[in-house]
Asker: 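This structure is in structure tokens; I'll ask about it shortly.
Because only heavy atoms are used, hydrogens play no part in the values below, and waters and symmetry mates are left out as well, while side chains stay in. Proteins get letters first, then strands, A, B, ... in listed order; numbering begins at 1 in each. Computed from a prediction, not measured in an experiment: that's the story for all the values here.
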Amino acid sequence: MSDPFELIDEPDGEPVAARGFVPAAPAPPPAWLDKLNPEQRAAVEATEGPVLVLSGAGTGKTRVLVTRVSYILSQRLAKPWQILAVTFTNRAAREMRERVLALVGPVAEAVWLGTFHALSVRILRRHGEVIGLKSNFTILDSDDQLRLLKQVMEVDDIDPKKWPAQGLMGVIQRWKDRGLTPEKVSRETGVDYAGGRAQALYVAYQERLRTLNAADFGDLLLHCLTLFQARPDILGEYQNQFRYVLVDEYQDSNVAQYLWLRLLTQANRNICCVGDDDQSIYSWRGAEVGNILRFEKDYPDATIIKLERNYRSTPTILAAASHLIAHNEARLGKTLRSGHEGNTDPGAPIRVRGVWDGPEEARWIVDEIESLQRSKHDLNQIAILVRAGFQMLEFEERLITTGIPYRVVGGPRFYERMEIRDAIAYLRLINQPEDGLAFERIINTPKRGLGDSTVQKIHQLGRALGVSLVEASLRIIETDELRPQARAALRGFCTDLARWQSLRETTSPGDLAGMVLEECGYIDMWQKDKTAEAPGRLDNLREFVSGLAEWDTLSGFLEHVSLVMENDAANAEDAVTVMTLHSAKGLEFDTVFLPGWEEDIFPNRRSLDENGQKALEEERRLAYVGITRARARVFVSFAANRRVYNQWQSSIPSRFIDELPKNAIQQESEAGLYGNAGGGSGSFDFPGFRDPSRAGSGVRRPTKMIEAESWESKPRTSASSFQVGDRVFHDKFGYGRVEAVDDSKLEIAFDKSGRKKVLDSFVQPA
DNA sequence: TATTTTGGTCTTTTT
DNA sequence: GACCAAAATA
């Protein structure tokens with residue numbers, strides 16, 4: 001790629017002049033600036049001083065960030081490595097990098113661009129010794145964290161039934177999110193966990209991490225803060241280096257990230273934060289909307305720019321989203337309006353459909369996808385967005401049976417599979433012998449006759465001598481502590497490990513991994529395994545090894561794995577996307593399906609129970625995010641019955657459905673289900689559901705639901721023990737009389753709630 | 001030590 | 001109903 005701005009200067013290490021930098025000869029404004037609207041352009045050109053860009057959905061937020069970086073480079077306001085651009089997700093970082101590269105060329109490679117976590121790692125790899133981390137430290141995933149914490153709690157005799165490790169993990173993580181090291185935890189919420197020992201356990205946990213030369217996710221930020229505070233000289237270097245700082249999705253930053261930014265920017269204050277309070281959906285993870293709300297207080301001289309022109313969605317979709325989000329009270333207040341002025345086409349209405357149950361919902365959605373496919377729609381432009389991961393299964397099944405290609409984002413992740421984690425554990429141990437968690441994971445995988453008792457002994461010795469498990473193993477095989485069998489096996493393992501370690505310098509990671517897995521017998525183990533999933537696991541291992549070939553250092557690969565838990569290859573082909581609403585933020589599609597709009601699912605019950613009104617508003621923001629992902633078509637659906645675990649439960653349409661403007665939606669319900677078969681829209685009631693008192697009027701006699709059911713290959717449930725005319729009682733709806741029986745589905749005229757379809761397992765004879 | 005059985009938990013969202 | 005961890009059994 002050409003480089004019109006001649007920016008590939010050799011790095012000079014030290015910035016020429018930290019402040020008052022004026023380009024010798026200002027370059028003419030690049031042509032791509034003209035493609036911006038006035039607000040966007042203002043946000044790009046306001047390079048000096050603090051800037052807050054309040055950017056509604058689809059208003060060109062990423063474009064502003066990308067252009068701003070490019071602008072700073074093209075105007076020679078800074079060298080590439082003097083720009084710090086922070087994103088929230090790896091995907092956002094990748095996209096931003098690609099787009100900046102496209103605008104200004106390969107110089108952009110040198111920009112410090114990445115997630116908070118990735119950038120923190122970069123800093124810690126360099127200066128970690130200050131806070132006691134060697135530069136090859138391991139980053140633990142949540143699995144390892146939990147395992148480690150369990151060990152710590154066990155030492156302290158905490159009853160895992162009473163105080164689950166997961167709970168303490170949450171407490172500690174929230175502390176870390178707020179930038180609290182163990183000493184700083186005082187009267188914070190959560191100290192009374194585990195009978196008031198939470199803080200002591202936090203201390204112990206951090207100590208264990210240190211001896212393992214490891215850090216968890218929260219530590220990456222936290223250690224940076226400690227480092228900056230302990231060594232003003234190092235902080236000063238970074239402050240000097242980063243002349244311009246840009247932050248994406250600022251509304252999702254937590255306290256630790258806020259402090260991180262503040263430390264790095266307090267010298268020259270050229271910070272530009274972009275965010276949207278209406279899309280703040282991570283408070284459960286410690287995000288503080290307060291950060292964006294207090295920006296003006298922190299920087300009284302801040303320039304504030306609002307982006308409200310939406311170029312993504314049809315006016316109908318915008319109207320629906322705006323109407324919905326207007327139900328929230330805590331807002332900075334922005335109004336989205338269409339960026340295409342004079343456009344008279346409002347676009348298709350949002351289709352809202354009620355169905356009988358989950359499988360029916362999946363069937364309807366996939367049918368719609370098929371018909372879109374027939375009319376030549378790009379499958380990549382279609383997404384099914386669910387509230388929670390478990391909802392995805394239903395759609396996957398249906399997509400598989402119909403043969404429509406799909407991909408699941410954020411689903412079962414490649415690197416979390418057991419065999420992959422095992423393989424990684426081998427590599428981790430080779431890379432970093434102190435990694436005791438990796439050691440424990442693989443010491444007896446494949447089986448070497450080194451069971452619990454042996455591991456316990458190694459542990460004991462290790463703790464007594466204060467050395468790593470590998471070191472302890474080496475010592476213990478020189479003694480008679482272990483039985484001859486175990487001793488020989490352990491000796492063999494140690495010898496192998498030493499040999500692999502020595503090969504690390506001379507062998508590529510890919511070759512090394514292949515060799516290790518072969519020699520340790522891991523491949524063999526799965527080949528001997530006759531279970532159904534064994535071949536798949538071998539495939540995964542093969543893919544794993546070949547994927548490794550792209551890396552030239554082992555540590556580089558391991559870092560990638562721990563920061564990017566997804567397998568980002570193999571994503572090109574035409575496929576429908578299935579993912580959670582959370583991971584959909586920042587993306588856009590022509591067509592979006594939003595299933596499961598039912599009370600307790602969406603808004604999520606647990607969330608509401610825990611955080612009440614605040615949570616409801618966050619759920620509503622999530623709905624807003626979902627709708628605004630769509631350019632042209634939105635489909636909302638809800639089912640009258642859901643299977644939860646093994647039980648059927650009847651459900652009520654989500655309150656968010658009522659919050660959509662009636663003139664923007666087209667309501668449709670399954671024949672017989674809501675009494676408006678034949679497609680009359682107009683009224684936005686769902687008789688018999690929302691307003692039981694009116695259920696009687698206009699309810700057409702339900703047609704049989706078997707038609708749909710017969711598609712299922714599942715065996716029929718045995719016929720109901722109820723008969724027409726029986727008096728029954730239902731927990732939710734009270735007393736009633738059975739009007740019709742269809743397998744296990746009953747149609748019942750309830751005395752108080754009108755006529756409903758329910759499953760026989762929910763009623764009892766009255 | 002290895003395998004089977006039981007019992008408990010899961011379904012909120014992720015770097 | 002599926003998955004995991006701990007307990008019981010071979």
Asker: At under 4.0 Å, does any side-chain N or O of A/T89 touch on OP1 or OP2 of B/dT14?
Answerer: no
Asker: Flag the pair A/R621 and A/D277 as a salt bridge only when some basic side-chain nitrogen lies within less than 4.0 angstrom of an acidic carboxylate oxygen.
Answerer: no
Asker: Please determine which of A/R441, A/K150, A/R428, A/R208 meets the salt bridge (Lys or Arg N to Asp or Glu O under 4.0 Å) test together with A/D144.
Answerer: A/R428
Asker: Given that A/R448 and A/I281 both sit by DNA chain B, which one's nearest nucleotide is further toward the 5' end?
Answerer: A/R448
Asker: Among B/dT12, B/dA2, B/dT11, which is the nearest nucleotide to the side chain of A/A388?
Answerer: B/dT12
Asker: Checking all strands, does A/G449 fall into the base, sugar-phosphate, or nothing category for heavy-atom contacts under 4.0 angstrom?
Answerer: sugar-phosphate
Asker: Check this one for me: any side-chain N or O of A/N254 less than 4.0 Å away from OP1 or OP2 of B/dT15?
Answerer: no
Asker: Among A/L246, A/L119, A/V111, which residue satisfies the side-chain contact (heavy atoms from CB on, under 4.5 Å) criterion with A/L84?
Answerer: A/L119
Asker: Without decimals, in angstroms, what is the distance between A/L385 CG and B/dT13 C1'?
Answerer: 13 Å
Asker: On DNA chain B, nearest-nucleotide positions of A/H117 versus A/R387: which is more 5'?
Answerer: A/R387
Asker: For B/dT15, which nucleotide in any strand shown is its Watson-Crick or wobble partner with both distances under 3.5 Å?
Answerer: none
Asker: Starting at CG of A/L608 and ending at C1' of B/dT13, how long is that distance when rounded to a whole Å?
Answerer: 14 Å
Asker: From CE of A/M525 over to C1' of B/dA2, roughly how many Å is that when rounded to an integer?
Answerer: 14 Å
Asker: Between B/dT13 atom C1' and A/Q173 atom CD, what is the distance in whole Å?
Answerer: 13 Å
Asker: How would you label the contact of A/T454 with the nucleic acid (heavy atoms, under 4.0 Å): base, sugar-phosphate, or nothing?
Answerer: sugar-phosphate
Asker: Is A/R331 atom CZ crowded by more than 12 heavy atoms from other residues, nucleotides or ligands, each under 6.0 Å away?
Answerer: yes
Asker: Nearest to the side chain of A/R483, which nucleotide is it out of B/dT15, B/dT1, B/dT13?
Answerer: B/dT1
Asker: Does A/T580 make a side-chain N or O approach to OP1 or OP2 of B/dT14 shorter than 4.0 Å?
Answerer: yes
Asker: So A/T115, base contact, sugar-phosphate only, or nothing? Heavy-atom distance under 4.0 Å.
Answerer: sugar-phosphate
Asker: Under 5.5 Å between ring centres and under 30° between planes: does that hold for A/W284 against the base of B/dT13?
Answerer: yes
Asker: Name all residues meeting the ring-ring contact (aromatic ring centres under 6.0 Å, His included) criterion together with A/F656; count only those two or more places apart in sequence or in a different chain, and write none if there are none.
Answerer: A/F602
Asker: Check whether A/N444 reaches the backbone of A/R448 with its side chain - one donor and one acceptor, N or O, closer than 3.5 Å.
Answerer: yes
Asker: Quickly work out the A/Q257 CD to B/dT14 C1' distance and round it to whole Å.
Answerer: 12 Å
Asker: Among the candidates B/dT12, B/dT15, B/dA2, find the nucleotide nearest to the side-chain atoms of A/R285.
Answerer: B/dT15
Asker: Mind calculating the distance between OH (A/Y282) and P (B/dT12) to the nearest angstrom?
Answerer: 16 Å
Asker: If you check every side-chain atom of A/R606, which of B/dT15, B/dT12, B/dA2 has the closest atom?
Answerer: B/dT12
Asker: Rounded to whole Å, please give me the gap between CZ in A/R621 and C1' in B/dT12.
Answerer: 15 Å
Asker: OP1 or OP2 of B/dT13 less than 4.0 angstrom from a side-chain nitrogen or oxygen of A/S607, does that happen here?
Answerer: no
Asker: Can you tell me the base-pairing partner of B/dT3? Count Watson-Crick or G-U wobble geometry only, both distances below 3.5 Å, and say none if there is no partner.
Answerer: C/dA8
Asker: When the distance from CE of A/M392 to P of B/dT13 is rounded to whole Å, what number comes out?
Answerer: 8 Å
Asker: Given B/dT11, B/dT14, B/dA2, identify the nucleotide with an atom nearest to the side chain of A/H582.
Answerer: B/dT14
